[in-house]
There are 2 protein chains.
Amino acid sequence: MTLKDLARELGVSTATISNAFNRPDQLSPNLRERILAEAKRLGFRGPDAKARSLRTGRSRIIAVILAESLTYSLNDAVSSEFLSGVAEVLDTQGHTLLLLSARQAKCQLVDSASMADGFIVYGLMPSEELFDSLPLNASLVAVDFNVSGHPSVHVDNEPACFEIADHALTATPRKRPAIVNLRLTREPCNGRIDPKHTLLPAELTITRSRLAGFHRALEKHGFDTDRIPMWNVEENTFQVCEPVLEEILDLPDDERPDLLLCMSDRIALTALTLAEQRGLRIPEDLCLTGFDGIAEGQYRAPRLTTARQESGDKGRLAARMILGLEPGHSRLLGTELMLGETCP
Amino acid sequence: MTLKDLARELGVSTATISNAFNRPDQLSPNLRERILAEAKRLGFRGPDAKARSLRTGRSRIIAVILAESLTYSLNDAVSSEFLSGVAEVLDTQGHTLLLLSARQAKCQLVDSASMADGFIVYGLMPSEELFDSLPLNASLVAVDFNVSGHPSVHVDNEPACFEIADHALTATPRKRPAIVNLRLTREPCNGRIDPKHTLLPAELTITRSRLAGFHRALEKHGFDTDRIPMWNVEENTFQVCEPVLEEILDLPDDERPDLLLCMSDRIALTALTLAEQRGLRIPEDLCLTGFDGIAEGQYRAPRLTTARQESGDKGRLAARMILGLEPGHSRLLGTELMLGETCP
DNA sequence: TTGTAGGCGTTATCAC
DNA sequence: GTGATAACGCCTACAA
């Protein structure tokens, strides 16, 4: 049942049917009523989206390209909240959300790409060539990293991390601060970072900005940042974090850090769980800080000291930008220091 | 830059270009190489998805229609794990995931509908008319409810809930069991359910099956199910559950339930948090059971006693069914009783 | 207010 | 192995 069939059936032209659906003001209400009623009766579900999108050039589909796998992104509190914000705006604006991952087979990513009206690219972007495969004139908003020629949405990572670390170091003097990074090294590394590792450049990972903030605070408090031990995890999940944090917590008492600056709440919460299992007193034996402000860290005791970022807002803003509802320049969102009991 | 442009530019026919991209065996490797190279050089990104989908009738897009808002679904552990499973399969099969919500404006839902090759409908379906707007011959898989004429994926809610409640009542004799439901009443209700409320029919909510399981166990243990107090929450979030559970926990000691059979882990965890805040001893003063087996309930102490459902498997199965990788009949997935310390 | 016709960018069916 | 051509279903000047 196509628009044309319906037109023939009703003895009117295809244009009239089309107008009945898309431009009510272009025909008499009576006729329109009749057409809509007959359409329903004959089982015409409205203009076909595939044909319409070919003709008009727009699909009302916005694609979000996620750096991580969909599996990860949908389960992670931070990215799913982001998506949630995106979805909220798209929904009210009559658009729908297509989920893509930079990890997925390139061909289908590219294929689906020409379907979407715009792209929101979230997180670290592994390959330059991906951008080559996106439609040339596509509108694109980058989130948490930069793409030249396109606006981006960022969070004030460096100042936020400075503030956290500064707080941690001011509240109680610390002897052995350490940092647990997330995807900082060029080569995958789940464990201690040593001088042989090369680090990803700042354009490719927000971890660098966060690290810079931590370092600035450490320097302010008289530490030599080169001597601050650092670990790294490749994925923000309990499973991946657990062994690395066990390695840290199982160090001899006089080597074990007494302050762990973590790049994410997920890491910090994993550390917290493992530390509690080992009978370490929080915060006396070990202070912990996170980043993100996810619910799981706040609905528990002790609550996590962290920098809250409004991931949902980030998504809403990115969506509004892609739809042209916001000025087309890059934006920087703030964070809020949340003082919990893990580092009071 | 279209396929036709490229054909003209290279002096070959459009068919040849199309074949170069879609049917490598239909032309000489040399020619194909040349075409691909020139395409890249001239900035042709490959066949346009909109046009292709119109022509072939397939978009390689599978839509998931969620009963709840996208915002909720993306943040809820159970549904995001489900989506995650769906995404995993679609990804490996070269399909992409379009997220729709039954809550969103009907027009765009219908619009986008004709775009997708198939539909996975998840959870309670509020309106019949939604189905009328889906393409007639669309393949469709229902999850957690039934749609006549289409296969569905279910979890063995009734037996699982019987098992949980039976365990709870066997382990320690209880005097005052109570049930906290999720979306059981026809009219929205956040609070105690009284006889005036009408309940949703079993076709529309899995809560009915779960309730039936609880009731069967209660009867077995000599309770009159009509006298078991029931509460209801409309949404599976901390914010919505909190006041209802406060109402329950703040009852006088001799009225407060000593066993709370909850329809979800989210509800049970909220109860747990609030009970701990009130200094109630778990499980001595209050036993709690959940449903779902989400991580949050297992990575804490005390761990939640619950029925674990593999939401990811559910998603994977639904996706495989919609892609025709599984026999086209309905399936029932099992659950696993997980004994935690909230009801040992 | 309604109808006509061209084309959006592909792919599939044929010929050659 | 390669090329012409006809759909796919719709939208929208423009004409009536």
Side-chain angles (χ1 to χ4, degrees), chain A residues 1-36 38-39 42-60 107 110-117 135-138, chain B residues 1-36 38-39 42-61 110-117 135-138:
Chain A
M1 191 72 200
T2 74
L3 185 147
K4 199 190 276 179
D5 296 335
L6 183 59
R8 189 166 358 87
E9 206 74 31
L10 289 182
V12 297
S13 84
T14 60
T16 304
I17 306 284
S18 176
N19 285 334
F21 281 95
N22 303 314
R23 318 159 114 195
D25 52 315
Q26 294 295 300
L27 73 175
S28 67
N30 293 348
L31 180 54
R32 175 153 191 267
E33 273 315 303
R34 190 164 75 90
I35 290 177
L36 262 35
E38 283 296 288
L42 295 169
F44 176 66
R45 320 305 235 213
D48 177 77
K50 299 199 204 42
R52 182 213 291 264
S53 71
L54 172 59
R55 177 59 233 237
T56 62
R58 293 180 314 102
S59 59
R60 303 185 83 75
C107 60
V110 170
D111 269 22
S112 337
S114 46
M115 198 86 248
D117 292 344
L136 273 168
N137 55 350
Chain B
M1 191 73 201
T2 73
L3 185 148
K4 198 189 277 178
D5 296 336
L6 183 59
R8 189 166 357 88
E9 206 74 32
L10 289 182
V12 299
S13 85
T14 60
T16 303
I17 306 283
S18 177
N19 285 333
F21 281 94
N22 302 315
R23 317 161 109 189
D25 53 315
Q26 295 295 301
L27 73 175
S28 66
N30 294 349
L31 180 56
R32 175 152 192 269
E33 272 315 303
R34 191 164 75 89
I35 290 177
L36 262 37
E38 284 296 288
L42 295 170
F44 176 67
R45 319 306 233 212
D48 177 76
K50 299 202 228 344
R52 182 210 290 262
S53 71
L54 172 59
R55 177 58 232 229
T56 63
R58 293 180 313 102
S59 59
R60 301 186 84 73
I61 290 177
V110 171
D111 269 21
S112 335
S114 47
M115 196 87 248
D117 292 344
L136 272 168
N137 55 348

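Keep in mind it's a predicted model, so treat the numbers as computed, not measured. A, B, ... follow the sequence lines: proteins, then strands. Residue 1 opens every chain.
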Point-to-point distance, once rounded to the nearest 0.5 Å, from CG of A:L27 to CD of A:E33: 10.0 Å
From A:M1 atom CE to A:E9 atom CD, the distance as rounded to the nearest 0.5 Å: 5.5 Å
Measure [atom1]/[X] against [atom2]/[N] and give the value in whole Å, please.
X: A:I17; N: C:dT1; atom1: CD1; atom2: P; value: 17 Å
X: A:R8; N: C:dT4; atom1: CZ; atom2: P; value: 13 Å
X: B:K50; N: D:dG9; atom1: NZ; atom2: P; value: 19 Å
X: A:L54; N: C:dG6; atom1: CG; atom2: P; value: 18 Å
X: B:K4; N: D:dG3; atom1: NZ; atom2: P; value: 16 Å
X: A:D48; N: D:dC11; atom1: CG; atom2: C1'; value: 13 Å
X: A:D5; N: D:dC10; atom1: CG; atom2: C1'; value: 13 Å
X: B:R58; N: C:dT10; atom1: CZ; atom2: P; value: 17 Å

Check: B:R55 side chain, C:dA12 base, donor-acceptor under 3.5 Å: no
Indicate whether OP1 or OP2 belonging to [N] is found under 4.0 Å from a side-chain N or O atom of [X].
X: A:R52; N: D:dC10; result: no
X: B:T16; N: D:dT2; result: no
X: B:T2; N: C:dG9; result: no

Upstream residue (5' side of DNA chain D) when B:T14 and A:N19 are each assigned their closest nucleotide: B:T14
Of B:S28 and A:M1, the one whose closest DNA chain D nucleotide lies more 5': B:S28
Residue pair A:A20 / A:I35: nearest heavy atoms and the distance that separates them: CB-CG2, 3.8 Å
Minimum-distance pair of heavy atoms, taken over all atoms of B:F44 and B:L6: CD2-CD2, 3.7 Å
Between [options], which one does the side chain of [X] approach most closely?
X: A:L27; options: C:dT13, C:dT2, D:dC10; value: C:dT2
X: A:A51; options: D:dG3, D:dG9, C:dT11; value: D:dG9
X: B:S18; options: D:dC11, D:dG3, C:dT11; value: C:dT11
X: A:T56; options: D:dC11, C:dT11, C:dG3; value: D:dC11

Sugar-phosphate only, base, or nothing, as touched by A:F21 at under 4.0 Å among non-hydrogen atoms: nothing
Check: B:S114 main-chain N/O paired with A:K50 side-chain donor or acceptor under 3.5 Å: yes
